[in-house]
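Count residues from 1 along the sequence.
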Amino acid sequence: MRILDSRRLTGANIFLDRPGAVLDVSVDEESRDLLVEAWKAQAQRVLNSLGWRDEILSFRLMDDGVSLALSAPVDGLYTATEVNEVSFEAARDWIEGGQRHLLARVTRGLRSEYRDEERPRLQRLLAAARERSVPVLLDEDLVTLGMGKHSESWNLYEVPHPEDVRWSTLKPIPTALITGTNGKTTTTRLLASIARTAGKTAGVSSTDWLAMGDELLDRDDYAGPGGARIILRDERCELALLETARGGLLRRGLAVERADVGLITNIAADHLGDFGVHTVEDLADVKWSITRALHEKSKLVLNAEDPLLMRRAAKVEIPTVLFALSARAPRFTSHIASGGVGFTVQRGRIEKWAGEKRQAIVAVKKIPLTYSGAALHNVANALAAAAVADCLGFTADQIRDGLLALENKDNPGRANLYTIKDATVLLDFAHNPAGFEALVPMLKALPAKRRALITGQAGDRGDDDIRDFATVSTAIPFDRIFIKRLDGHARGRPLGEVARLMREAYLASGCKAGQLVEKKTELDAVRAALRWAKPGDLVVVLSHEQRDQTQAFLNQRAS
């Protein structure tokens, strides 16, 4: 038995409906149940000793062990991680029959440690906020009451007395959580476009950047709770659009206690093996954890054509809105028949269906990101964005104008087309089999004398995942495949191992050795592919390692 990872959970998460700490432990299957019961007993003793009377103990089984989670006061999360570790060590010592763990002595030290971390004034303020249903944002430096334009923040060392707070000015703002395996960022950008054209200042935290209205605040991955808090503390913000990625959910949990709308675009295999998430069902559970922030007046927007989501939807009590490319999707049909609300494509138009009512919004072919309807994955993203925007109170006209306003150049890295020396180049960030499959209809629709693919995978994916991606990408008959080594993303693997696995998978799928070319970097592969390409050819660039440089390179050469 050994600890794999120990971390604070600053918000609701897959394990708990509140903050706490979690421990990932490697343990054989025979000892797992015994460890869980022993850990529960030891953890409860420590919690009682600290005076933490109403905390929750939770666990989640993994293929190679178990995750052990306990809730804790928000001003005691560092102490909570040590409580968890000490409880595990005491349980392990009891099971293994080794030296008796000195739990009582260690617990005295934890009480002292919590006294250093404890903030009674903060606790009084948080209790007053709960009584008034005022939203709270909290991290190591700041406490914020309210959201966006209705918020006020204080340094944790200067927390006000509840009587000195102007409670009437502190309120929530409309907030949407956007998650799923593929399509999150594009859908978030479409929603931001809808807000912009409607005259609303939307704060956006996403995989690629932070933005407030038309102002780009920073370029980086902000799809976790840290980025969300920056947006929600900005007093210009009237509406929060928070892309919520798997990594942030697993490492820290949700940034907010309450949201008005939650969207899950789809579930597909991606990053399996991280933090005990080994199956697609596990991944669905992680994404589903956003529902912990939804309440009886919230809306949950789901993809009616995703079986994993529909199995969970049958058990949820939150009002649900569905979207589907096909109005004949069984779950979509039954949902509408029962009086539900949904968004679909009918007669070439995005429509809102509410029971017997039908409302046309916009022709699919007019939406720039759909490439006249050929990019079906972006049609789905437009449906999702329309559904969320409707839940947030935007009108059909505002939704239409926003969908029409976002140009392909405003959605960098997502199905961008370039013409270079009379050859067509498509740039996309597809990095898992489902992401590539979503591109297939568009790739088949694009005319091409010959086709080339530039691809690679990071080393933190499993061998089977790497092989599967290579196999799936042979759905299009590529004349040349450039495999990137991506040495900077080896993630502990020997250099060149991922490229070797991909090469073997392509050969096993029927590709000839002469079709496969290995290049060290992404830019090396792009340069080689453009030298190979002739007028009328199609080059598909799946960008990972050098995204900004690749985009700049293509922009400079595009005609």
Side-chain angles (χ1 to χ4, degrees), residues 147-150 171-180 183-206 211-214 231-232 234 236-244 256 258-265 290 293-295 297-303 318-324 340-346 349-355 357-364 366-370 378-407 410-411:
M147 292 179 171
K149 67 176 185 176
H150 303 302
K171 304 173 185 178
I173 59 173
T175 301
L177 300 175
I178 300 139
T179 194
K184 299 185 295 297
T185 301
T186 296
T187 302
T188 302
R189 291 174 180 172
L190 285 166
L191 281 165
S193 180
I194 292 168
R196 186 181 305 112
T197 57
K200 292 288 186 181
T201 301
V204 175
S205 61
S206 72
M212 186 59 59
D214 293 329
I231 289 301
L232 291 167
D234 193 313
R236 297 170 293 175
C237 188
E238 298 178 295
L239 165 71
L241 304 173
L242 310 177
E243 184 178 339
T244 307
V256 295
R258 289 288 183 268
D260 298 283
V261 186
L263 163 66
I264 309 179
T265 58
I290 69 165
L294 304 181
H295 49 86
K297 293 183 179 180
S298 302
K299 299 287 180 63
L300 176 61
V301 178
L302 298 173
N303 184 345
I318 304 163
T320 302
V321 175
L322 302 185
F323 68 93
V341 176
F343 287 74
T344 190
V345 177
Q346 193 75 351
R349 302 176 302 187
I350 287 180
E351 294 186 355
K352 176 184 177 180
W353 291 17
K357 296 180 181 179
R358 305 288 186 268
Q359 183 179 22
I361 296 176
V362 64
V364 167
K366 292 184 177 180
I367 301 173
L369 295 196
T370 71
N378 276 343
V379 178
N381 293 333
L383 286 167
V388 173
D390 181 74
C391 293
L392 289 170
F394 289 97
T395 67
D397 288 347
Q398 290 169 334
I399 294 170
R400 178 201 63 213
D401 293 346
L403 295 179
L404 294 176
L406 192 71
E407 301 287 344
D410 302 320
N411 193 33

Visitor: Is any side-chain heavy atom of Phe343 closer than 4.5 Å to one of Val388?
Guide: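 No, side chains not in contact.
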Visitor: What's the spacing between Ile367 CD1 and Asn378 CG if we round to 0.5 Å?
Guide: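 With rounding to 0.5 Å, CD1 (Ile367) is 9.5 Å from CG (Asn378).
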Visitor: Would you say the side-chain atoms of Glu351 pair up with the backbone N or O of Arg358, donor to acceptor, closer than 3.5 Å?
Guide: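 Such a contact is absent between Glu351 side chain and Arg358 backbone.
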Visitor: How far apart are the closest heavy atoms of Thr370 and Val364, and which atoms are they?
Guide: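 Heavy atoms of Thr370 and Val364 come nearest at OG1-O, 2.9 Å.
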Visitor: Rounded to the nearest 0.5 Å, what separation is found between the CG atom of Asn381 and the OG1 atom of Thr187?
Guide: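 Between Asn381 CG and Thr187 OG1, I get 3.5 Å after rounding to 0.5 Å.
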Visitor: Judged by atom type as modelled, is there a donor-acceptor pair below 3.5 Å linking the side chain of Thr344 to the main-chain atoms of Ala324?
Guide: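 Yes; at least one donor-acceptor contact below 3.5 Å.
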Visitor: Taking the side chain as everything from C-beta on, heavy atoms only, tell me whether Leu369 gets closer than 4.5 Å to Asn411.
Guide: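 Yes, side chains in contact.
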Visitor: Any chance you could lay out the side chain to side chain contact (heavy atoms under 4.5 Å, CB included) test for Phe323 and Val345, step after step, and finish with the verdict?
Guide: CA-CA 9 Å; Phe323 68 93; Val345 177; over 6 Å; no
Visitor: Is any side-chain heavy atom of Ile194 closer than 4.5 Å to a side-chain heavy atom of Leu392?
Guide: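 They are not in contact (no side-chain heavy atoms under 4.5 Å apart), so the answer is no.
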Visitor: Quick check against the 3.5 Å criterion: does Thr320 have a side-chain atom that pairs as donor or acceptor with the backbone of Ile318?
Guide: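 Yes: the side chain of Thr320 pairs with the backbone of Ile318.
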Visitor: Test Thr197 against Gln398 for side-chain hydrogen bond (donor to acceptor under 3.5 Å, both in side chains), laying out the working first.
Guide: CA-CA 7 Å; Thr197 57; Gln398 290 169 334; over 6 Å; no
Visitor: Can you list the steps and then say if Lys352 with Asp390 is a salt bridge (charged side-chain N to carboxylate O under 4.0 Å, His left out)?
Guide: CA-CA 9 Å; Lys352 176 184 177 180; Asp390 181 74; 3.1 Å; yes
Visitor: Would you compute the distance between atom OG1 of Thr175 and atom CZ of Arg258 and round it to the nearest 0.5 angstrom?
Guide: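 So the gap between those two atoms works out to 12.5 Å.
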Visitor: With rounding to the nearest 0.5 angstrom, report the CD1 to CG distance, Ile173 to Asp234.
Guide: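 One finds 9.0 Å between CD1 of Ile173 and CG of Asp234.
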Visitor: Between the side chain of Thr179 and the main-chain N/O of Thr244, is any donor-acceptor distance below 3.5 Å?
Guide: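 Pair found, side chain donor or acceptor close to backbone of Thr244.
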Visitor: Within the distance-only criterion (no hydrogens, no angle test), does the side chain of Ser193 pair as donor or acceptor with the backbone N or O of Arg189 below 3.5 angstrom?
Guide: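 No, because the side chain of Ser193 does not come within donor-acceptor range (under 3.5 Å) of the backbone of Arg189.
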Visitor: Looking at CG of Asp410 and OG1 of Thr186, how far apart are the two atoms once the value is rounded to the nearest 0.5 Å?
Guide: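 Interatomic distance, Asp410 CG to Thr186 OG1, rounded to 0.5 Å: 11.5 Å.
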Visitor: Do Cys237 and Met212 have side-chain heavy atoms sitting under 4.5 Å apart?
Guide: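 With C-beta onward as the side chain, the pair touches.
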Visitor: Verify the distance criterion only: is there a donor paired with an acceptor across the side chains of Ser298 and Asp260 at less than 3.5 Å?
Guide: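 No, because no side-chain N or O of Ser298 sits under 3.5 Å from a partner of the opposite role on Asp260.
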Visitor: As an exercise, state the distance from CG of Leu232 to NE2 of His150, rounded to the nearest 0.5 Å.
Guide: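 These two atoms lie 12.5 Å from each other.
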Visitor: Minimum heavy-atom separation for Thr265 and Gly180, please, with both atom names.
Guide: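 In terms of heavy atoms, the two residues are closest at OG1-CA, 3.4 Å.
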Visitor: Using a strict cut-off of less than 4.0 Å between a Lys/Arg side-chain nitrogen and an Asp/Glu carboxylate oxygen, indicate whether Arg196 and Asp214 qualify as a salt bridge.
Guide: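 Yes.
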Visitor: How would you list, by chain and number, every residue that makes a salt bridge (Lys or Arg N to Asp or Glu O under 4.0 Å) with Lys200, sequence neighbours excluded?
Guide: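 Per chain and number, Lys200 pairs via salt bridge (Lys or Arg N to Asp or Glu O under 4.0 Å) with no residue.
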